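All values derive from a computational prediction rather than experimental measurement.
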Amino acid sequence: MAEAERGARGDVTAEPGARAGVVRAVLWLVVAVLGVRQMAAVLDRRPGEKLLDLESWTGQDGILHVTGSLYEPGRFAGTPFAGLVLRPLTTSAEEALGVVWTFGSLLLVVALGLVAARGLPGPVARRTGYLAAPVAVTLFMVSLPVRNTLYLGQTSILPVLLVLLAFFAVRQERLSGVLVGLAAALQPAVLLFAVLFWFTGRRRAAVAGGASFAFCTALAWAAMPHDSWTYWVHHVAGAGLGGNPDSLANQSLHGALLRFGLQGPLEIVLFLVLAVAVTVLGLRRAVRYAHDGQLLLAVAVTGCVAVAVSPTTWQHQLLWVLLAVVGRVGTKASDRLVWPAVVVLVLTLPGKMLLPNIGALLPVRDNVLLIAALGAACVAPFLPRTSPHWQRPVPTDYAVPVASRFSWVPLLPFWRRVLSRPNLLLELLLIRVVYSAYAKVRLAAAVGRPTAEEHGRQIHSLEQWLRIDVEHWVNHTVVGIPWLREFFDYYYSTFHFIVPLTILGVLYVRRPSDYRWARSSIGFATVLALVGFWLYPLAPPRLMPGLGFIDTVHGMQDLSSPDFGALTAVTNQYAAMPSLHFGWSLWCGLVILVLAPKGWMKALGLLHPLFTVSCIVATGNHWILDAVGGATVVGLGFGLTYALAGPRRLLPKTPETEATEEAKGTEEAASTRGTEAVEGTDEGAGTGPGSGGGTEEPVAAPAGRTT
């Protein structure tokens, strides 16, 4: 593996260090674990639930469907040439075919990562080139397109690999064109790469690509004329095959317009107009990036154009969008990670985790992959290599280090306090993703009812011993006072999310440095609470049989049923210890107490945890000790934030500290320039096509160059 990676990168220089070697070994280990996990996830499924497309291509006796039409409902959805190539496959040994197919697909993913790492635009730092391949393979492994490809048994990894080989591994132009033509015969929209060849000066490759595509298509037409007519004429390049074109799985402009309710000639005309506009704008940008020496970005942009303009682009055909992660957006160091973070999140997480279930956001959530492709193809302001910020973005403004910081904490050097406001888009996206993960883990932490009830009896006995078991008395007292019961029910259901989000919003706008401190503390507290939910599932008072508690919020519960009604289908009823209702409210009260400028604001802030602890006990949703647990995780959250980032109150900047920081920044910049010069020289020795390394490489490569 190491030799293959070295050959792909063309890097024959010395290893960058023992630490980098350990990191790369760990990354390749992660790749191996992910590969085993992906194979197990596919092969552990029962027949009829795995490799669905692969099974649909084969007949009962193991021969590809050739009787009648290849495109009967529920069967083949690829091009006729793909059907011709796959015809020899048999299912005489179905399990063996599944193993070989899945393992072969994973090998293609590894090859894809190796070739993509070769195409990084130069100059590439030695450590970056050293770690690029395992990082790329890891991202491919966890992406939605690869997972979907493995689940369905599709061939969509192969066209991407053929195109990357044509641009970054093959020097002979005609052979490069043949590879693109083969890829286009499997996925017709890929023929746009022949256009990219043409406008970047590689005319022979462009002609060879078109000729290869025409030959493969004609060969399939001669072998299967009826199916070719069905695919190219009746279904217009496969539109509508493999599923409804208006389904969420079709992330093309055509699918989006159909989901918006447009149909008939109007939709077709609008689709054609938009497709032409995206093609012209996207290919112009791709050619510009190719001339700038960012050939991998040019390939990614062209692939994103293909995603948008193809009549149908299923989820397993969206790997091109992930390749756009190599583009650099933003002149500030603090903004440089926003684009790659957004691309990785969009390509690895389902839309339901990225955006909430709000009507106004549904069009964005349903088309988020298409939006990412259009953004990469037409909108994202990728920096040219001639920009002064390409290698050295505007540095981030960090706080002056505080002497009381815990220097023994290992993560301390990587957790410096940032004074600037974080990017709002990325912040909202990460908050949403973290909360979605929290909700899923919280739901997955549910265990059997007997264990949770046994823990409930333990908590109840401990409170009796401590003489703090007031929950039953408070619950029944509040039930007897209708207005108080309604107040606590409303408070429990309403303010749990509103108050923390409001505080974070105000801090983001008015006090960005304190926002980061506050956001980190509540994040740590939430993660620690998840550990509690997992290790100690606990039945709340309202679900404890025989104790006589009244559930004032959810109504009467049938305690003889293990499901306790439909509520358990959407939430984990045993996630009671610690109480995040009280924990988050305590966090709100402490943040307001520390940051509020006026005394009445501080007093008002402390009322929120007081009301919250009263309502969680009065409604029968938590024990008193649950609130103690919530206070504990909040305290630990503040403690971890202090240990990693130092005290909240920052040292004031003085002329002495500013001079020290400026001298330090100058020294670091000089060191960075020296390192880049050395690494650039190292990269220049023996780099292969597309690597972009070497100090003698011009910034703007002439048209047609693959470097």
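Residues Phe140 and Leu323 are in side-chain contact: their nearest non-hydrogen atoms beyond the backbone lie under 4.5 Å apart. Within the 4.5 Å cutoff, no side-chain heavy atoms of Trp390 are placed close to those of Thr386. In this structure, Phe260 and Pro363 have side chains that are in contact, with non-hydrogen atoms separated by less than 4.5 Å. Inter-residue side-chain proximity for Trp320 and Val299 is flagged as met; some heavy-atom pair is nearer than 4.5 Å. Contact annotation: the side chain of Leu383 approaches that of Arg336 to within less than 4.5 Å [non-hydrogen atoms, C-beta and beyond]. At a threshold of 4.5 Å between non-hydrogen side-chain atoms, the residues Trp198 and Val207 count as touching. Put simply, the side chain of Thr348 does not reach to within 4.5 Å of the side chain of Leu139, judged on heavy atoms.
Considering all non-hydrogen atoms of both residues, Ala372 and Val321 come closest at CB-CG1, 3.9 Å. Across every non-hydrogen atom of Ala256 and Asn367, the tightest pair is CB-OD1, 3.5 Å. Taking both residues in full, the closest heavy atoms of Leu120 and Ala132 are given as CD1-CB, 3.5 Å, listed atom of the first, atom of the second, then distance. Phe199 and His291 get closest at one heavy-atom pair: O-NE2, 3.9 Å. Residues Trp28 and Ala133 approach most closely at CZ2-CB, 4.1 Å, considering heavy atoms.
Relative orientation of the Trp232 and Phe213 rings is perpendicular, given thresholds of 30° and 60° on the angle between their planes.
Judged by distance alone, with hydrogens and angles left aside, the side-chain atoms of Arg259 form a donor-acceptor pair with the main-chain N or O of Asn250 at under 3.5 Å. Between the Asn244 side chain and the Asp246 main chain, no donor and acceptor come within less than 3.5 Å of each other. Between the side chain of Ser252 and the backbone N or O of Ala308 there is no donor-acceptor pair closer than 3.5 Å.
Listed by chain and number, the residues in a side-chain hydrogen bond (donor to acceptor under 3.5 Å, both in side chains) with Gln263 amount to none (sequence neighbours excluded).
Side chain to side chain, Gln172 and Arg204 fail the donor-acceptor criterion of an N or O pair below 3.5 Å. Remark: the Thr149 side chain and the Ser156 side chain contain an N/O donor-acceptor pair separated by less than 3.5 Å.
A 6.0 Å sphere centred on CZ of Arg174 holds no more than 12 heavy atoms belonging to other residues, nucleotides or ligands.
Under the side-chain contact (heavy atoms from CB on, under 4.5 Å) test applied with Val309, the options Val276, Leu192, Leu274 reduce to a single match, Leu192.
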